Novice: 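Shown below is the structure under consideration.
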Amino acid sequence: MVAQFTILSWNILAAEFTNFNHKPPGCVQGHLNPDSKLESKAQTAARYTLASDALLARVPDAVLLQECSKHFFSVAVNPRAPALLEQFAVAHATNEEGPGTAVLLLKNGRLASTGATFTAGGSEALTGGTSKSASAVLVTLKGGDARQRVWLCSMHLTPYKIKPEAVRTHLKLLGDALRSEIDCSSADSDAPARVLVAGDLNAQPAEVAAIQRECAGPLSGLLHRVVSPGPTGLSANFAAPCEIDHLFLSPGLRLVSPLELERTPESPFGVPPHDGEAAPVAFASDHVWLSATVSVE
């Protein structure tokens with residue numbers, strides 16, 4: 001039996017981190033908040049509304065988020081939070097107090113949580129930051145073969161070229177957790193769980209290849225990277241688009257159709273700076289979402 005489900009992975013840019021791109025061409029079109037290097041509350045509300053509406057328009061079976069703050073689910077910050085939570089359940093999120101990773105499941109979608117979850121990373125000392133984490137949820141396909149179980153992992157890595165040891169540690173933590181959980185979950189089944197990892201690796205394809213060569217863990221051989229059709233985010237100095245968000249599939253999972261991106265690679269991430277008050281918001285994030293339909297075989 002072949003079953004399919006859809007996923008969407010996205011670094012939605014937590015408001016707490018907008019100080020890093022307050023200069024043009026920041027994702028909120030060169031935002032300028034006279035009182036702070038952080039974007040204004042109105043800009044956060046506008047961005048989070050754009051992100052929520054995009055998720056509600058796409059209605060994927062699973063959403064894998066990075067730089068996701070708990071405030072994204074608060075109506076006091078995100079006007080569309082109630083509508084979002086009406087359609088999606090937060091299956092697992094890493095950080096209560098600050099931005100982290102999260103996995104959301106569509107309530108009437110094709111996936112059901114088994115209740116098994118784990119967190120890998122999320123440590124300033126070990127993985128390069130509290131947001132540098134991975135949220136993992138074990139799901140099954142509704143009405144399908146009970147053996148068709150998939151670990152969905154939303155991951156956010158620190159830049160390998162800056163903190164290689166933190167990346168090695170993070171991937172080891174993820175690999176150890178996956179092996180342990182797969183062993184446990186396979187005890188009641190004759191088929192091992194498949195693994196899907198997606199997120200912001202802060203690494204371009206050549207750097208990902210180096211990570212796969214030099215780091216132990218699931219990316220080094222267990223998982224196959226799906227090639228993206230274009231840039232997914234901005235370079236470290238926010239000067240140019242680059243491909244730093246990635247999708248990985250284990251054996252038993254197959255991409256059904258080409259990977260989709262939020263917008264075409266030619267679309268700009270920013271415009272020249274604005275004078276005066278805070279600039280308008282055109283995009284939800286300095287990353288684009290990646291969307292895929294995956295079959296379980």
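In this chain, residues are counted from 1 in sequence order. Just so it is clear, the structure is predicted and the values come from calculations on it, not from any experiment.
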Novice: Is there a donor-acceptor pair closer than 3.5 Å between any side-chain N or O of His287 and the backbone N or O of Ile244?
Specialist: no

Novice: Take Gln43 and Thr18, measure what side chain to side chain contact (heavy atoms under 4.5 Å, CB included) needs, and give me the verdict at the end.
Specialist: CA-CA 10 Å; Gln43 288 173 322; Thr18 53; over 6 Å; no

Novice: Looking only at non-hydrogen atoms, find the nearest pair between Thr117 and Ala91 and report the distance.
Specialist: CG2-O, 3.9 Å

Novice: Would Lys132 and Asn202 satisfy side chain to side chain contact (heavy atoms under 4.5 Å, CB included), going step by step from the backbone distance to the final call?
Specialist: CA-CA 10 Å; Lys132 304 305 188 288; Asn202 277 305; 4.1 Å; yes

Novice: Can you name the closest pair of heavy atoms from Ile12 and Ala51 and give their distance?
Specialist: CG2-CB, 4.3 Å

Novice: Run the side-chain donor-acceptor check on residues 214-231: report pairs under 3.5 Å with partners two or more places apart or on a different chain.
Specialist:
from: Glu214; atom 1: OE1; to: Tyr160; atom 2: OH; distance (Å): 2.3
from: Ser220; atom 1: OG; to: Gly217; atom 2: O; distance (Å): 2.6
from: Arg225; atom 1: NH1; to: Glu243; atom 2: OE2; distance (Å): 3.3
from: Ser228; atom 1: OG; to: Gly230; atom 2: N; distance (Å): 3.3
from: Ser228; atom 1: OG; to: Gly230; atom 2: O; distance (Å): 2.9

Novice: Measure from the side-chain N and O atoms of Ser133 to the backbone N and O of Gly122, and report whether any donor-acceptor pair falls under 3.5 Å.
Specialist: no

Novice: Find out if a path of hydrophobic residues (ILVMFWY) with successive side-chain heavy-atom gaps under 4.5 Å connects Ile162 to Phe17.
Specialist: no

Novice: Does Lys172 have any salt bridge (Lys or Arg N to Asp or Glu O under 4.0 Å) partners at least two apart in sequence or in another chain, and if so, which?
Specialist: Asp176

Novice: Under 4.5 Å between side-chain heavy atoms, hopping through other hydrophobics if needed: is there a path connecting Val150 to Val256?
Specialist: no

Novice: Quick one: pull up OG1 in Thr44 and CD in Glu39 and give me the separation to the nearest 0.5 Å.
Specialist: 3.5 Å

Novice: Donor-acceptor pair, distance only, cut-off 3.5 Å: does the side chain of Arg47 make one with the backbone of Leu13?
Specialist: yes

Novice: Nearest 0.5 Å, please: how far is CG in Leu138 from CD in Glu181?
Specialist: 8.0 Å

Novice: Holding to side-chain contact (heavy atoms from CB on, under 4.5 Å), I want the full list of residues that pass it with Leu106, two or more places apart in sequence or in another chain.
Specialist: Val59, Asp61, Gln87, Phe88, Asn108

Novice: Would you check if there is a donor-acceptor pair between the side chains of Ser123 and His170 at a distance under 3.5 Å?
Specialist: no

Novice: Can you name the side-chain contact (heavy atoms from CB on, under 4.5 Å) partners of Ala42, sequence neighbours left out?
Specialist: Ser40

Novice: For residues 41-62, pull every pair meeting ring-ring contact (aromatic ring centres under 6.0 Å, His included), keeping only residues two or more places apart or in separate chains.
Specialist: Tyr48-Phe72

Novice: Under the side chain to side chain donor-acceptor pair (under 3.5 Å) rule, collect the residues that match up with Glu165, sequence neighbours excluded.
Specialist: Arg168

Novice: Kindly write out the residues that satisfy side-chain contact (heavy atoms from CB on, under 4.5 Å) with Thr49, not counting sequence neighbours, or none if the list is empty.
Specialist: Asp53, Asn78, Pro79, Arg80

Novice: Tell me whether Val197 is reachable from Leu173 by hopping between hydrophobic residues (I, L, V, M, F, W, Y) whose side-chain heavy atoms are closer than 4.5 Å.
Specialist: no

Novice: Given Cys68 and Phe73, is the side chain to side chain contact (heavy atoms under 4.5 Å, CB included) satisfied, shown in steps?
Specialist: CA-CA 9 Å; Cys68 178; Phe73 304 113; 3.6 Å; yes

Novice: Contact between Arg110 and Thr6 at the side-chain level, heavy atoms closer than 4.5 Å - yes or no?
Specialist: yes

Novice: Restricting to non-hydrogen atoms, name the atom on Thr94 and the atom on Gly100 that form the minimum distance, rounded to 0.1 Å.
Specialist: OG1-CA, 3.4 Å

Novice: State, with a plain yes or no, whether a side-chain heavy atom of Leu290 is found less than 4.5 Å away from one of Glu260.
Specialist: no

Novice: When rounded to the nearest 0.5 angstrom, what distance separates OG in Ser295 from CZ in Arg254?
Specialist: 4.0 Å

Novice: Please round to the nearest 0.5 Å and tell me the distance separating atom CG of Leu196 and atom CG of Leu247.
Specialist: 5.0 Å

Novice: So which pairs with a foot in residues 103-150 pass ring-ring contact (aromatic ring centres under 6.0 Å, His included), sequence neighbours left out?
Specialist: Phe118-Trp151

Novice: List the residues meeting side-chain contact (heavy atoms from CB on, under 4.5 Å) with Ser257, not counting sequence neighbours, and say none if there are none.
Specialist: Thr293

Novice: Applying side-chain hydrogen bond (donor to acceptor under 3.5 Å, both in side chains) between Thr232 and each of Asn11, Asp286, Asp245, report the one that passes.
Specialist: Asp245

Novice: Over all heavy atoms of both residues, which pair between Arg194 and Pro251 is shortest? Give the atoms and the distance, please.
Specialist: CG-O, 3.6 Å

Novice: How long is the gap from OG on Ser113 to CG on Leu104, to the nearest 0.5 Å?
Specialist: 11.5 Å

Novice: Given side chain to side chain contact (heavy atoms under 4.5 Å, CB included), test Phe248 with Gln212 step by step and report yes or no.
Specialist: CA-CA 12 Å; Phe248 299 83; Gln212 291 176 302; 3.9 Å; yes

Novice: Identify the heavy atoms of Ala203 and Ile211 that sit nearest to each other, and give their distance.
Specialist: CB-CD1, 4.1 Å

Novice: Do Leu84 and Val75 share a hydrophobic cluster, counting only Ile, Leu, Val, Met, Phe, Trp and Tyr and linking them when any side-chain heavy atoms are less than 4.5 Å apart?
Specialist: no

Novice: Who passes ring-ring contact (aromatic ring centres under 6.0 Å, His included) against Phe5, sequence neighbours left out?
Specialist: none

Novice: Quick check: is Leu126 connected to Leu178 through a chain of hydrophobic side chains (ILVMFWY, heavy atoms under 4.5 Å apart)?
Specialist: no

Novice: Report the residues that fulfil side chain to side chain donor-acceptor pair (under 3.5 Å) with Thr140, sequence neighbours left out, ordered by chain and then residue number.
Specialist: none

Novice: Could you verify whether a donor N or O on one side chain and an acceptor N or O on the other, from Arg149 and Thr114, lie under 3.5 Å apart?
Specialist: no

Novice: Identify the heavy atoms of Ala62 and Leu105 that sit nearest to each other, and give their distance.
Specialist: CB-CD2, 3.9 Å

Novice: Without swapping roles, check the side chain of Ser135 against the backbone of Ala93 for a donor-acceptor pair under 3.5 Å.
Specialist: no

Novice: Please round to the nearest 0.5 Å and tell me the distance separating atom CG of Leu111 and atom NZ of Lys142.
Specialist: 8.0 Å

Novice: Sequence neighbours left out, cut at 3.5 Å: what donor-acceptor pairs do the side chains of residues 152-159 make with other protein atoms?
Specialist:
from: Ser154; atom 1: OG; to: Leu65; atom 2: N; distance (Å): 3.4
from: Ser154; atom 1: OG; to: Leu65; atom 2: O; distance (Å): 2.7
from: Ser154; atom 1: OG; to: Gln66; atom 2: NE2; distance (Å): 3.0
from: His156; atom 1: ND1; to: Ser131; atom 2: O; distance (Å): 3.3
from: His156; atom 1: NE2; to: Asp200; atom 2: OD2; distance (Å): 3.2

